[in-house]
Amino acid sequence: MNLFAQAVQWILDPLNYVGVNAIPLRVFEHLAFTLVTLVIASAIAIPIGFFIGHTGRGRGLAVSVAGAFRAIPTLGLLTLVALWIGIGLGAPFVALTILAIPPILAGAYTGFEAIDRRTVDAARAVGMSEGQIVRGVEVPLGLPLLIGGIRSAALQVVATATLAAYIADIGLGRYLFTGLKTRDHAEMLGGSILVILLALALEGIFATIQRFVVPRGVISSRSKVVRVRSSRARPMVNSAVEKGTQ
Amino acid sequence: MFTANRGRLALFGAVAVGAVVALAGCATGDPLATGSGDSASETLIVGSQDYYSNEIIAEIYSQALEDGGYTVDRQFRIGQREVYLPDIEAGGIDVFPEYTGSLLQALEPDAAAGTADDVYTALESALPDGLSLLDRADASDQNSWTVSKAFAEQYGLTDIASLANVTEPITVGGNSELEERPYNPEALTAKYGIEFAGFTPIEDGGGPLTVKALLDGDIQITNIYTASPAFADGSIVALDDPDNLFLPDNVVPVVSDKVDDGAADILNAVSAALTEDVLVTLNARSSNDQESADKIATDWLAEANL
Amino acid sequence: MTWIWSNGDLIWDRTLDHLVLSVPPILLSFLLALPLGALANRYRASRGVILGSVGLLYAIPSLPLFIVLPVIVGTSARSPLNLIIALTLYGVALMVRVVADGLASVDRDVRQSAAGVGFSSWSEFWQVELPLAGPVLLAGLRVVAVSTVSLATVGAVIGVQSLGSLFTDGFQRGIQAEIIAGIVATVVLALVLDGVLVLLGRLLMPWTRKSSSRVLLPVVTPAAVTR
């Protein structure tokens, strides 16, 4: 408990609010790094996920590749890429983007798949084109699960982005490594607490977004579907699994 | 309809619990606990840092002791000093290759600089009870401020103080603890008036990535251990340190009371043969030729007639 | 690549170390998550508290947890136990939510019929709810297994030997083949454990054999169902 008190003291110490190591600066860097990684990973994963979700093609491949991606140790990938392209932000971006892709990809295609096929068939029957079906039906209905995938990716990236400080002068990981190497446990724990707070803030933001993006008509009907025909309650099953990896 | 499955689930539960107990048993069978017990008094536990060069030296110690009839329990690559130091202090390890200056600073952060012998003497008295030093080797793997050859030639750099001649921004790179050490960039600013543009962490202990960053110009100055094979091709140079900012870091075996005179003689003979050139060669065989510590140690012991 | 051929023994030893570090957390997190998840599912109040607090565990960065844990638990700094406890915490963080959601997905009608034919609440849980939630639990456990194996590599940074040791060593010595070998071995080990879990699932839940692909990997298009 004493250690926690020291860590809190470290966080509150005015000395840690000036200079290049100022806490607000490191928090900002950490957040910016996390968001840019999420944007890159989303730009790669969402189109692929939508394609799989809409056509059902390449699903088996995507599941295996995403599974293998999950198993790739971030530390190993980081060191390997660093040896290729040198120090700086490049290697951490590559390693963390790969970390973020599987949950976003899964969120994108399970979002489409969770939609009752009759809804899509109905859209097709009233003469909507495939493009209109994707934009007008599948994307809005699949959005909550997609946001869920991004949310779970965000949580992993924000916690793992500390490893970026292994080879770059960025983020809250700087406190962790300096604390580790100089046996300053208060600094290390203080840095960790900041990471956790940041993760919690992101969680809150994403939970709010998730709430707002559920289309109005879906809210009531979904809970009914879960009740009455729980064997088809796929959205819930998947979101549970998607909470997935660290 | 589900009762038939109950047996299966119970079986699964039993298997899972059994496996957990068995595996947890393996995993928690801390080798230290058995090693420090009385029953294994003839077995010497040799440890090493999580650093390839240190592992080679530990392997040399181990093989030399085995040749002398001792039984050795190798506990290599057990982390950096902050992780294993408590174990050594508690007497859990009998032989550990250490570096005089760095260990002294870890035990006494304010230790004054001096010659190799001064540091050795200071370390002897700083060690906790139950631990002692054997003879130190000539080989020293010490910290240095290092720049690329091109950078040194551009500004005519010879010693650390001459960094004041540099007119472009100087970015420092290296392990993050470098910022906190007595010879840190702040100390250079205070002592020589050198201004720095920033610090970039590269947590590989002055390894290939650090050297690459130096040669690419991503950083201008870093800390590389002087026995690193990276110095071999002359593309980087360690700046002279006339004011002894860096403590000498001679290789020395730190030993427990379990190391008897016979074992001490064996280790002292190894230290006597371990010169700076030898250490650099051994490191190069590991880094450049990718040979295992085991093979490098065997070859060298044969070569040195030990 | 010659490094890999001449160091097969080392890779095998590290793989075994890695197995010993990662299998106990996978099993332990399953065993610990069962009661917690069941509790979370049973009462509305406990659900929020339990799921909220285990979700928090998830956000803790692994490296400092590995180091601070011995200070809190009182184990030796380089004991593999630290790693096992930390990995178990992450596994539980993930698994509790899966258990709660899996149990919640069991049809209320089925549970009421079970009660109707005389199951006690205890035996209804073991004989009706748990088997029906089985496929979901298995899916969650598979994710736990893969992420645990991947995460165990970070222990190398604090001196606990694992496949991650091949990264730190390869990084210091500049041997890319060694790092690649470490990554590949980690992925292979994760996929092997995943396969073992799938087989175990088929063995224990034979009734899902035909439909398991549908439950685990929900597919809707006819082409994918017949795959």
Side-chain angles (χ1 to χ4, degrees), chain A residues 3 55-57 59-60 63 67-68 70-80 82-84 110 113-114 117 155-156 158-163 172-173 176-177 179-180 185 188-189 191-192 195-196 198-200 203 226-227 229-231 233-234 236-246, chain C residues 55-56 58-65 67-68 71-72 90 93-94 97-98 100-102 104-108 136 139-140 142-143 146-147 149-151 153-154 156-158 163-164 166-168 170-171 174 176 179-180 182-183 186-187 189-191 194 215 217-221 223-224 227:
Chain A
L3 187 61
T55 63
R57 263 182 268 160
R59 189 179 195 289
V63 169
R70 271 190 218 282
I72 294 177
T74 306
L75 180 66
L77 193 62
L78 183 71
T79 51
L80 185 65
L83 282 180
W84 287 336
T110 52
E113 286 170 354
R117 279 301 99 181
L155 197 56
Q156 290 171 49
V158 83
T160 318
T162 49
L163 282 182
L172 294 168
L176 303 191
F177 281 106
L180 169 66
H185 286 177
M188 202 172 60
L189 194 60
S192 313
V195 174
I196 295 169
L198 205 55
L200 283 179
E203 274 286 276
V226 172
R227 277 281 127 80
R229 313 180 45 185
S230 53
S231 62
R234 294 204 188 102
M236 194 139 71
V237 171
N238 282 303
S239 67
V241 175
E242 266 339 297
K243 276 297 286 175
T245 51
Q246 168 73 19
Chain C
L56 244 178
Y58 217 61
I60 306 175
S62 53
L63 188 61
L65 180 64
I67 296 154
V68 173
V71 182
I72 299 169
Y90 288 125
L94 172 61
R97 180 170 283 275
V98 174
D101 287 354
S105 75
V106 175
D107 203 317
R108 175 179 281 187
V136 178
R142 289 174 63 187
V143 176
V146 171
S147 56
V149 168
S150 167
L151 204 57
T153 55
V154 181
V157 178
I158 55 159
L163 284 169
L166 301 180
F167 309 154
T168 48
F171 196 36
Q176 296 188 9
I179 303 179
I180 294 172
I183 295 177
T186 309
V187 173
L189 187 63
L191 296 183
D194 185 52
V215 179
L217 315 165
V219 277
V220 259
T221 52
R227 128 190 100 85

Proximity breakdown for Ile72(C) and chain A, heavy-atom pairs closer than 4.5 Å: side chain
Please look at Val149(C) and chain A and tell me whether the side chain, the backbone, both or neither of the residue comes under 4.5 angstrom of a heavy atom of that chain. neither
Nearest 0.5 Å please: distance from the CE atom of Met188(A) over to the CG atom of Leu65(C). 9.5 Å
Can you name the one residue among Leu83(A), Leu75(A), Leu78(A) that meets side-chain contact (heavy atoms from CB on, under 4.5 Å) with Phe171(C)? Leu83(A)
Nearest non-hydrogen partners of Ile196(A) and Pro61(C), listed with the distance: CG1-CD, 4.3 Å
Proximal component of Thr79(A), with respect to chain C [non-hydrogen, under 4.5 Å]: both
Would you mind telling me which of Thr153(C), Thr186(C), Ile183(C), Leu166(C) has the largest number of heavy-atom pairs within less than 4.5 Å of chain A? Ile183(C)
Could you tell me which portion of Leu80(A) (side chain, backbone, both or neither) has an atom closer than 4.5 angstrom to a non-hydrogen atom of chain C? both
Contacting region of Leu176(A) [heavy-atom separation from chain C under 4.5 Å]: side chain
Would a 4.5 Å heavy-atom cut-off, applied to side chains only, mark Ser150(C) and Ile72(A) as touching? no
